[in-house]
Structure formats: structure tokens, C-alpha cells
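Here is the structure we will look at.
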Amino acid sequence: MKLSIVVPAYNEEAYLGRCLEALAVEIARTSYDIEVIVVNNASTDQTGAVARTFPFVRVVDEPQKGLSQARQAGYQVSSGDLMANVDADTIMPAGWIDHVMQEFSTHPTLVALSGPYIYYDLPALTNWFIRFFYGLGKAVSTVDSLLTGRSGTMLQGGNFVLRKSALKKAGGFDVSFAFYGEDTAMAKRMGTQGEVKFSFQLPMYTSGRRLREEGVLKMAWVYGINFLWPLLFNKAYTKSSKAIRT
């Protein structure tokens, strides 16, 4: 089973190198067939140049800006049986790939797997609050499953893996979601094809830059409402997003 790791990147020259270095270390620990694709998404800085310094990386230039658009561009050129979606400011922990491959190998009905973010540059108390927030999301997902029969509705954008055959049947990514709500929209689409699983055993380290810039409580509201809105109305509540790169 081959794993494609897709990294969308818009003006991420400051963070992308560290992300790819962590990927290189994790890939070297395994013997799996893995490809890494960086989607240079309408960047105006040196994102593409940074990506091209890593010989194991394939760079795809996508001129149309948008997170879902970038994920779709990566999906279209990927050759793996599984497609991981990893954001450019993340740091993959040891054992992440092994966990993913084991889950999909032993659970043939599994079509989407995700886990939480751990913010490496935010205080422990903030991370505790965020873990509690994830718990609320899982509770809502459970209630939704009971009411609708969907297998799961919760994915963390930047830390999820899809079975590509199921993604193809689901129609790929919904590019009408530019940023917020794109992960919930994907969870709904994949839930029509099989099991969608969110596991605290699959964490991903990431930057807390957006939470620092815009405030933890504000972002709890924004992420929360954009988790519920696609479930109820098939669209994002928040239509625009601010690019935060420091």
C-alpha cells in the first residue's frame, strides 16, 4: 500500500522547511512506499524554491488560491492508495506513518482517519482546553451519527488521511470551501463511502500562530461554528480567512 503525503503551501517559506525535514526523518524510519507532494498554492514568496531543495519532494504549482483547491490539485497528481493531508506548519511525530498504515491495513472499511493537533508553541493549559474542545467535537459527531447514520463527521484539517479509491467515488474535494469547514465537508463526503475515524492516538504537532494572532476563544467559536455549519447546511459559515505567516 502506497502513501501519498500532500502538503498545501501558500507563502510558507518560513515554516515549510521544518515540516519537510520532519517528514524526511519519519519516512526514513519506515520501509513503506511513500511520495511527498508540495502544492505551491499561488505563493508570492520563496515557498516553491524551499520545497525544491528537498530531492524527495514533487512540487506542483497551483495558481488558483484556496486550501481545498490545493488539496484537490495534490489529489489529482498523487499515485498512492492513501492520501495524507499535512499542512506546511506541522511537524510529524515519530510513529505517525506506522500508525496510519496499520489502521488502514487492518480495517478495510476505514476510508478516513484523523487526529488532533498539539500546538508546540502554546502553553500546556491552552492545549488542554483545545483537547477538551476536540472532545466536544467527538460528542457532536457521535450524536450526528446516531441521528443520520453517518459513520463519522470529524476530521482535523492538516492531519487526516483518506483512502483514495473512496475519495474518487466521493467526487474528490469540494473546492467551494476555500478554508473554514473544508475538513467537515470532506468527512461528510467520505462518510458516504465507509468509516470515518478520529483518534487521539494520531496527534500532529503544529504552530499556534493563528490562535495567538486572533485569540483562542475567538478561534474556538470560528472553528466550532464552521464544524456545525457544513453538517447542517453544506456550506461554510465563515467565507474568508486571514493569512497568518509569523
Side-chain angles (χ1 to χ4, degrees), residues 3-30 32 34-41 43 45 47-48 50-51 53-54 56-60 66-68 70-71 73-75 78 80 82-101 103 112-122 126-127 130-131 133-134 137 154-162 173 179-180 182-183 186-187 198-214 216 219 223 241 243-246:
L3 174 65
S4 299
I5 301 175
V6 176
V7 186
Y10 166 68
N11 286 353
E12 290 285 12
E13 64 179 8
Y15 285 85
L16 181 59
R18 189 175 182 185
C19 171
L20 296 177
E21 288 168 0
L23 279 177
V25 171
E26 177 64 358
I27 291 170
R29 292 181 60 257
T30 76
Y32 298 109
I34 297 172
E35 67 175 353
V36 177
I37 301 165
V38 170
V39 180
N40 182 26
N41 186 209
S43 298
D45 66 357
T47 292
V50 170
T53 64
F54 292 82
F56 64 91
V57 171
R58 176 181 180 183
V59 180
V60 175
L67 181 55
S68 293
R71 296 205 200 282
Y75 155 63
S78 64
L82 305 175
M83 178 184 170
N85 296 266
V86 175
D87 283 350
D89 62 340
T90 59
I91 300 175
M92 184 175 286
W96 191 94
I97 291 175
D98 285 337
H99 188 89
V100 166
M101 301 303 279
E103 285 278 352
L113 176 67
S114 184
Y117 271 160
I118 297 174
Y119 293 89
Y120 60 77
D121 52 359
L122 294 182
T126 302
N127 274 291
I130 293 166
R131 186 177 177 89
F133 192 71
Y134 281 123
M154 186 172 172
L155 296 176
Q156 169 63 66
N159 184 24
F160 66 93
V161 187
L162 308 176
F173 290 85
F179 188 79
Y180 292 113
E182 55 92 20
D183 42 8
M186 178 48 61
F198 184 92
S199 172
F200 283 102
Q201 303 305 310
L202 190 73
M204 179 73 74
Y205 296 108
T206 193
S207 164
R209 56 188 176 174
R210 184 172 297 277
L211 276 66
R212 285 197 309 272
E213 177 77 15
E214 302 202 46
V216 173
M219 294 315 300
Y223 283 124
S241 61
I244 298 173
R245 293 297 176 263
T246 59

Practice problem: Mind running side chain to side chain contact (heavy atoms under 4.5 Å, CB included) on R212 and D121 for me, showing each step along the way? | Solution: CA-CA 10 Å; R212 285 197 309 272; D121 52 359; 2.7 Å; yes

Quiz item: Do N127 and I118 have side chains that get closer than 4.5 Å, going by heavy atoms?
Solution: yes

Quiz item: Run the salt bridge (Lys or Arg N to Asp or Glu O under 4.0 Å) check on E21 and R18 step by step: do they pass?
Solution: CA-CA 5 Å; E21 288 168 0; R18 189 175 182 185; over 6 Å; no

Quiz item: Looking only at heavy atoms, which two atoms of Y117 and G158 are closest? And how far apart?
Solution: OH-CA, 3.2 Å

Self-check item: Beyond-backbone contact of Y32 with D98, side-chain heavy atoms, under 4.5 angstrom
Solution: yes

Quiz item: Do L20 and V36 have side chains that get closer than 4.5 Å, going by heavy atoms?
Solution: yes

Quiz item: Between S114 and N159, which heavy-atom pair has the shortest distance, and what is it?
Solution: OG-O, 2.8 Å

Self-check item: C19 to V86 - nearest heavy-atom pair and separation
Solution: SG-CG1, 4.4 Å

Quiz item: What's the spacing between S199 OG and H99 NE2 if we round to 0.5 Å?
Solution: 4.5 Å

Exercise. Enter the distance from Y205:OH to Y119:OH here, rounded to the nearest 0.5 Å.
Key: 14.0 Å

Quiz item: With a 4.5 Å heavy-atom cut-off, do S207 and Y120 have their side chains touching?
Solution: yes

Practice problem: Output, in order, the C-alpha distance, side-chain angles, deciding distance and verdict of side chain to side chain donor-acceptor pair (under 3.5 Å) for T90 and D87. | Solution: CA-CA 6 Å; T90 59; D87 283 350; over 6 Å; no

Quiz item: Hey, what do you get for CE (M101) to CH2 (W96), rounding to the nearest 0.5 Å?
Solution: 10.0 Å

Practice problem: Would you mind reporting whether L155 and F198 have side-chain heavy atoms less than 4.5 Å apart? | Solution: no

Quiz item: Do L16 and V7 come close enough that some side-chain heavy atom pair is under 4.5 Å?
Solution: yes

Quiz item: From F56 CZ over to L23 CG, what is the distance, rounded to the nearest 0.5 angstrom?
Solution: 6.0 Å

Exercise. State, with a plain yes or no, whether a side-chain heavy atom of Y180 is found less than 4.5 Å away from one of Y223.
Key: yes

Quiz prompt | Working for side chain to side chain contact (heavy atoms under 4.5 Å, CB included), residues L82 and L162 | solution = CA-CA 6 Å; L82 305 175; L162 308 176; over 6 Å; no

Quiz item: Within a strict 4.5 Å, meaning less than it, do heavy atoms of the M92 and I97 side chains meet?
Solution: yes

Quiz item: Which pair of non-hydrogen atoms, one from S4 and one from G80, has the smallest distance, and what is that distance?
Solution: OG-N, 2.8 Å

Quiz item: What are the two closest non-hydrogen atoms of E214 and I244, and how far apart are they?
Solution: OE2-CD1, 3.5 Å

Exercise. Calculate, to the nearest 0.5 Å, the distance between atoms CZ and CG belonging to R209 and D89 respectively.
Key: 4.0 Å

Quiz item: Has F179 got more than 12 heavy atoms of other residues, nucleotides or ligands less than 6.0 Å from its CZ?
Solution: yes

Practice problem: Kindly determine whether L3 and V161 satisfy side chain to side chain contact (heavy atoms under 4.5 Å, CB included), including the steps that lead there. | Solution: CA-CA 9 Å; L3 174 65; V161 187; 4.3 Å; yes

Exercise. Take E35 and R58 through the test salt bridge (Lys or Arg N to Asp or Glu O under 4.0 Å) and record every step on the way to the result.
Key: CA-CA 8 Å; E35 67 175 353; R58 176 181 180 183; 5.3 Å; no

Exercise. Run the numbers on I34 and I5 for side chain to side chain contact (heavy atoms under 4.5 Å, CB included), then give the verdict.
Key: CA-CA 7 Å; I34 297 172; I5 301 175; 3.9 Å; yes

Exercise. Please state whether the rings of F173 and F160 are parallel, tilted or perpendicular, taking 30° and 60° as the class boundaries.
Key: tilted

Exercise. Could you point out which residue of N85, L67, I37, N41 forms a side-chain contact (heavy atoms from CB on, under 4.5 Å) with P8?
Key: L67

Exercise. Please name the pair of heavy atoms, one in I91 and one in A22, separated by the smallest distance, quoted to 0.1 Å.
Key: CG2-CB, 3.7 Å

Self-check item: Euclidean distance, M83 CE relative to Y75 OH, rounded to 0.5 Å
Solution: 8.5 Å

